[in-house]
Q: 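Have a look at this one before I ask anything.
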2 protein chains.
Amino acid sequence: MQKRPPRQPLSQQQVIDLLDSHGVQPTMQRQEIAQVLFARDQHLSADDVLKQVNQDSARVSKATVYNTLGLFAAKGLIREVIVDPSRVFYDPNTCEHHHFYNVDTGELMDIDADQLALMNLPTLPAGTVADGVDVIIRIRNQASA
Amino acid sequence: MQKRPPRQPLSQQQVIDLLDSHGVQPTMQRQEIAQVLFARDQHLSADDVLKQVNQDSARVSKATVYNTLGLFAAKGLIREVIVDPSRVFYDPNTCEHHHFYNVDTGELMDIDADQLALMNLPTLPAGTVADGVDVIIRIRNQASA
DNA sequence: GGGTGACGTAGACTTTGTCTAAAAACTCGA
DNA sequence: TCGAGTTTTTAGACAAAGTCTACGTCACCC
Ligand SMILES: [Mn+2]
Ligand SMILES: [Mn+2]
Ligand SMILES: [Zn+2]
Ligand SMILES: [Zn+2]
């Protein structure tokens with residue numbers, strides 16, 4: 001029942017601490033990217049991040065954006081969400097939760113974990129361990145025909 | 001508890017009937033693609049289909065493979081499975097079911113619907129209707145350090 | 001024969017993401 | 001402070017999946 005408070009923009013010190021605490025060197029570029037990602041609860045593509053981070057004169061290269069998003073995901077700072085065949089979304093919310101995906105609009109919305117229970121997790125194939133469970137509820141706009 | 005029998009290669013007449021029954025004109029190219037897709041329970045990418053359909057001299061173009069997979073999916077003959085950011089898989093099994101995805105090997109395996117129950121489907125956002133529920137259990141090989 | 005519509009095709013093109021090779025920026029001990 | 005080694009960033013080439021366009025082909029009908 002615990003509810004995470006809505007995300008808020010972080011101070012520079014908070015960003016540095018967050019990166020530090022996940023074993024990520026807080027370079028300037030990584031701080032800028034983290035600022036964008038953690039500004040609020042949202043689901044951004046790599047290209048969204050690239051644009052936002054470069055919108056007012058700060059310059060971070062495409063390679064660095066991709067490298068950094070991969071690093072953040074590997075270190076557990078953010079989560080990759082794969083719902084759209086054309087691009088990956090990055091999610092600052094790493095708590096267990098699921099997603100609505102509106103196939104008409106491309107909109108991606110969170111579903112709190114306590115809103116959707118999974119029963120009977122099946123036994124995994126031999127020699128494998130679980131890495132995560134994604135539930136995506138695809139929705140359409142009504143009367144879109 | 002009803003269990004679908006394992007899929008088997010279809011006769012040409014069965015393929016034609018299958019396409020007809022879904023309102024798809026059974027052209028030669030569509031028949032060849034359907035033969036490949038429905039030969040057995042499997043998850044093929046567009047490129048897999050393109051290669052298989054062209055392996056012994058029969059020529060179907062890339063454009064036609066993509067067009068046909070899109071058409072089959074739209075008509076409900078097959079299902080798109082989006083688990084890998086680099087390619088879409090196409091699934092001849094349109095019964096409700098879910099997937100294991102081995103992130104080490106890229107292997108995709110079915111989970112029968114009765115093996116995994118979802119409780120408390122959350123209320124959908126206003127003005128939208130459900131289009132499908134995907135559950136993906138990501139797994140890794142043990143001790144892959 | 002000629003028109004119409006559905007379908008298939010080559011190949012250019014777009015988009016997302018990766019890779020390479022080099023520059024820049026840190027780290028740390030002498 | 002110097003300098004060697006390491007980590008990070010970068011431009012731009014590259015790769016892969018998928019889309020689009022413009023044209024060809026075929027069936028059907030008159
Ligand atoms: Mn794509
Ligand atoms: Mn891609
Ligand atoms: Zn989310
Ligand atoms: Zn399947």
Side-chain angles (χ1 to χ4, degrees), chain A residues 15-16 19-20 22-37 43-54 57-75 77-91 101 103 106 108, chain B residues 15-16 19-20 22-37 43-54 57-75 77-91 101 103 106 108:
Chain A
V15 167
I16 291 173
L19 299 191
D20 271 337
H22 285 77
V24 172
Q25 290 276 343
T27 65
M28 273 321 277
Q29 289 87 343
R30 289 170 183 173
Q31 289 179 46
E32 295 211 40
I33 291 168
Q35 276 297 358
V36 168
L37 288 170
H43 303 90
L44 298 176
S45 69
D47 201 59
D48 294 334
V49 172
L50 182 62
K51 277 177 186 134
Q52 283 199 38
V53 105
N54 285 331
S57 80
R59 306 253 64 197
V60 180
S61 72
K62 183 175 69 153
T64 296
V65 168
Y66 277 97
N67 288 344
T68 300
L69 291 171
L71 178 68
F72 284 4
K75 296 289 190 179
L77 269 160
I78 59 177
R79 167 173 164 184
E80 290 185 344
V81 182
I82 297 167
V83 287
D84 180 323
S86 76
R87 61 216 195 288
V88 174
F89 289 106
Y90 294 90
D91 191 339
Y101 182 62
V103 299
L108 190 56
Chain B
V15 167
I16 291 173
L19 299 191
D20 271 337
H22 285 79
V24 173
Q25 204 96 46
T27 66
M28 273 322 277
Q29 289 87 343
R30 289 170 182 173
Q31 289 179 47
E32 296 213 39
I33 292 168
Q35 275 298 358
V36 168
L37 288 170
H43 303 90
L44 299 176
S45 68
D47 201 59
D48 293 334
V49 173
L50 181 63
K51 277 177 185 134
Q52 283 198 39
V53 105
N54 284 331
S57 80
R59 305 253 66 195
V60 180
S61 71
K62 184 174 67 153
T64 296
V65 168
Y66 277 98
N67 288 345
T68 300
L69 291 171
L71 177 69
F72 284 5
K75 297 290 190 179
L77 268 161
I78 58 176
R79 166 172 163 185
E80 290 186 344
V81 182
I82 296 166
V83 287
D84 181 321
S86 76
R87 61 215 194 288
V88 174
F89 289 105
Y90 294 90
D91 191 338
Y101 182 63
V103 298
L108 189 56

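The analysis underlying the following values was restricted to heavy atoms, covering all of them including side chains, and did not include hydrogens, waters or symmetry mates. Just so it is clear: chains get the letters A, B, ... in the order the sequence lines come, proteins before strands, and each one is counted from 1.
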Q: Expressed as a whole number of angstroms, how long is the span from A:Tyr66:OH to D:dC14:C1'?
A: 14 Å
Q: Whole-Å distance between D:dT19 P and B:Leu71 CG?
A: 14 Å
Q: Please give, in whole Å, the distance from D:dA16 P to B:Leu50 CG?
A: 14 Å
Q: Taking only residues two or more places apart in sequence or in another chain, which ones pass salt bridge (charged side-chain N to carboxylate O under 4.0 Å, His left out) with B:Lys51?
A: B:Asp47
Q: Nearest-Å distance, CZ (B:Arg87) to C1' (C:dT16)?
A: 15 Å
Q: Can you tell me the distance, in whole Å, between the CG atom of B:Asp84 and the C1' atom of C:dT16?
A: 13 Å
Q: What integer distance in Å separates A:Lys75:NZ from D:dT7:P?
A: 12 Å
Q: Quick one: CG on A:Leu77 to CZ on A:Arg30, what's the gap to the nearest 0.5 Å?
A: 10.5 Å
Q: Evaluate the side-chain proximity of B:Gln25 to B:Leu19: yes if any heavy-atom separation is below 4.5 Å, no if none is.
A: no
Q: With B:Arg87, which residues qualify under salt bridge (charged side-chain N to carboxylate O under 4.0 Å, His left out), at least two apart?
A: B:Asp84
Q: Pair B:Leu50, B:Val60 - check side-chain contact (heavy atoms from CB on, under 4.5 Å), show working.
A: CA-CA 7 Å; B:Leu50 181 63; B:Val60 180; 5.6 Å; no
Q: Can you list everything that forms a side-chain contact (heavy atoms from CB on, under 4.5 Å) with B:Asp91? Sequence neighbours excluded, please.
A: B:His43, B:Arg79, B:Val81, B:Asn93, B:His97, B:His99, B:Asp110
Q: Each nucleotide in nucleotides 4-10 of chain C should get exactly one letter: B, S or -. Can you fill that in based on protein heavy atoms under 4.0 Å?
A: ---SSBB
Q: Between the two end axes of the helix from C:dG1-D:dC30 to C:dA30-D:dT1, each built from 5 base pairs, what angle do you get to the nearest 10°?
A: 0°
Q: Nearest whole angstrom, please: distance from the P of C:dT18 to the CG of A:Leu69.
A: 10 Å
Q: Using residues 64-75 of chain A as the side-chain source, report each donor-acceptor pair under 3.5 Å to any protein atom, sequence neighbours left out, with the distance given to one decimal.
A:
from	atom 1	to	atom 2	distance (Å)
A:Thr64	OG1	A:Ser61	OG	3.1
A:Asn67	ND2	A:Ala63	O	3.3
A:Thr68	OG1	A:Thr64	O	2.7

Q: Are the side chain of A:Glu80 and the backbone N or O of A:Tyr90 linked by a donor-acceptor pair below 3.5 Å?
A: no
Q: Rounded off to whole Å, could you give me the CD1-to-P distance for the A:Ile82 and C:dT16 pair?
A: 15 Å
Q: Is any side-chain heavy atom of B:Glu32 less than 4.5 Å from a side-chain heavy atom of B:Val15?
A: no
